[in-house]
Amino acid sequence: MTDIQSPLPGTFYFTPSPGEPSFKSKGDAVSEGDVIGLIEVMKTFIEVKATQAGTFDSYVVDNEQPVQAGQVIAKLS
Amino acid sequence: MAIKTLLIANRGEIAVRVIRAAKSLGIKTVQVYSEADEDMLAVKLADEAICIGPASAAQSYLNHDAIISAAKETGADAIHPGYGFLSENADFVRAVSNAGLIFVGPDADLIEKMGNKIAARQTAMKAGVAVVPGSDGAISDLDEAVRVANKIGYPVMIKAAAGGGGRGIRIADDEASLRRLAPQAQAEAAAAFGDGSYYLEYVVVNARHIEVQVMGDGKSAVHFFERECSLQRRRQKIWEEAPSATLDEATRQELCQSAVKLTQDIGYVGAGTVEYLYEESTRRFFFIEMNTRIQVEHPVTEAITGFDLVAEMIRIAGGAALSMSQDDIKINGHSIEVRINAENPMMQFLPSPGVITSLACTHAPEVRFDHFLYEGYAIPPFYDSLLGKLIVHGKNRGEAIAALHEALENTMISGIETTIPLLIALAKDDEVKAGQVHTSWLEHWLEHNIENIKP
């Protein structure tokens with residue numbers, strides 16, 4: 001398992017906009033640099049990218065949940 | 001009925017500002033806060049504080065029911081909305097009055113009227129205020145377009161009637177380019193929207209943003225002269241001053257009279273701002289919109305006129321008449337405000353929330369610092385990046401810029417990144433010192449001068 005961490009504190013989103021499917025689902029192939037989610041920090045949206053390749057396992061925080069910098073938000077297997 | 005207990009439906013520096021004004025009037029204060037804002041300065045300063053929901057603004061500072069319930073629960077008889085959030089939300093204002101509470105600002109109908117661009121433009125025209133010249137309706141005939149353009153003057157913007165969001169906008173500098181571009185715009189709009197008609201609108205080249213502070217009590221209205229806010233990045237003002245460096249006295253009088261006429265015509269109640277684009281080369285000004293709330297940059301107006309605008313709007317909301325007449329309001333010297341944001345100007349303005357590890361600022365008499373910071377305070381990531389506003393006053397513009405430079409050098413906010421280095425670079429810039437700026441000046445400057453910003 002590899003952890004993906006939030007680079008900044010803020011609100012985490014795993015869909016590009018409300019009602020759309022999540023960026024990744026269990027079993028998806030993930031390449032380095034793939035967008036995993038968005039962090040809203042001070043009204044600015046910042047992309048959270050995979051820092052290495054793998055297979056997507058799961059998000060470990062809820063959509064629209066407040067997160068801390070460095071908090072694990074998703075796992076790759 | 002004078003207000004006894006005021007609930008502040010906002011956060012950050014403006015909540016602190018409103019509490020200060022309420023206290024000066026002997027009014028009890030209730031501060032609302034989200035779960036992420038329990039530690040904020042306004043919560044500590046208010047007589048009472050009440051949590052209204054989770055961090056997300058949609059569930060707290062934008063939640064009509066939660067705010068009105070908080071007012072009921074605490075016995076508040078009035079709500080001050082600050083700026084942003086619910087300050088120009090007509091539905092909220094209606095809910096507030098239906099609950100038997102006072103909203104500090106104009107009524108819902110007025111907010112709706114001035115919040116709709118087309119209705120506001122018509123209202124301004126009716127009051128005799130110049131608006132940006134444009135075609136009266138959609139055009140689909142080229143010869144008609146040429147006739148209209150000759151009347152409004154070049155350059156003109158060609159906008160698809162059915163389009164939106166700036167799509168397919170073309171700018172024609174003269175008749176020849178209009179004859180070339182209008183058919184292109186027409187064909188493109190017909191293909192994209194099934195409607196090829198378009199509007200023409202005059203383009204104010206290198207426009208300056210000048211706005212007039214007004215106040216009304218429903219019967220009469222006054223102006224507090226103008227502010228110039230031409231230094232903007234992504235339509236966010238970052239440096240505001242009063243008076244404008246570019247207006248001559250005759251134009252200033254004409255501009256301020258037009259704003260006060262509009263305010264009077266609509267029977268406006270409370271503090272408002274009439275915004276214009278100003279064309280320096282022809283000394284013409286054009287109405288763009290009216291903001292029906294107190295603005296971020298109100299302190300520069302307070303600095304040059306000596307009036308407390310926030311206290312005045314609270315008094316008026318409580319039923320009082322304007323406490324001053326136009327003749328009482330005079331310009332004294334020059335004032336500049338800069339907005340200090342938690343952003344890193346060297347890294348594409350990346351937001352920088354976090355803990356303020358130390359805070360130092362000047363206490364010089366010509367400097368005012370409106371903020372909500374204290375050592376150890378953690379700036380939450382969930383809201384706007386505005387940390388505070390540094391406001392200086394000088395006998396003239398040159399003195400004000402020098403005072404601003406010194407005040408910025410003496411303001412230390414540690415633990416997070418701020419835009420202070422950018423503001424210092426601007427205070428040293430020759431074009432800024434000469435007042436030769438317009439609304440796209442800063443973005444152009446940033447492209448070429450990022451290395452002049454010293455951390």
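These values consider heavy atoms only, across backbone and side chains, with no hydrogens, waters or symmetry-generated copies. Chain naming here is simple, since letters A, B, ... match the order of the sequence lines and numbering starts at 1 in each. Being a predicted model, the structure only gives us computed values, none of them experimental.
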Under 4.5 Å from any heavy atom of chain B, what part of I39(A) do you find: side chain, backbone, both or neither? neither
Among L8(A), V41(A), V67(A), which residue meets the side chain to side chain contact (heavy atoms under 4.5 Å, CB included) test with P381(B)? V41(A)
Contact part of P54(B) toward chain A, heavy-atom cut-off under 4.5 Å: side chain, backbone, both or neither? neither
Under 3.5 Å, which donor-acceptor pairs link chain A and chain B? Put them in a table for me, please.
{"unit_1": "M42(A)", "atom_1": "N", "unit_2": "P381(B)", "atom_2": "O", "d": "2.7"}
{"unit_1": "K43(A)", "atom_1": "NZ", "unit_2": "D384(B)", "atom_2": "OD1", "d": "3.2"}

Show the nearest heavy-atom pair for residues G10(A) and F382(B), with the distance to one decimal. O-CE2, 3.8 Å
Select one option (side chain, backbone, both, neither) describing which atoms of A342(B) are under 4.5 Å from chain A's heavy atoms. both
Sequence neighbours excluded, every pair satisfying salt bridge (charged side-chain N to carboxylate O under 4.0 Å, His left out) that has a member inside residues 4-32 of chain A: K24(A)-D34(A), K26(A)-D57(A)
Is it the backbone or the side chain of L386(B) that comes under 4.5 Å from a heavy atom of chain A, or both, or neither? neither
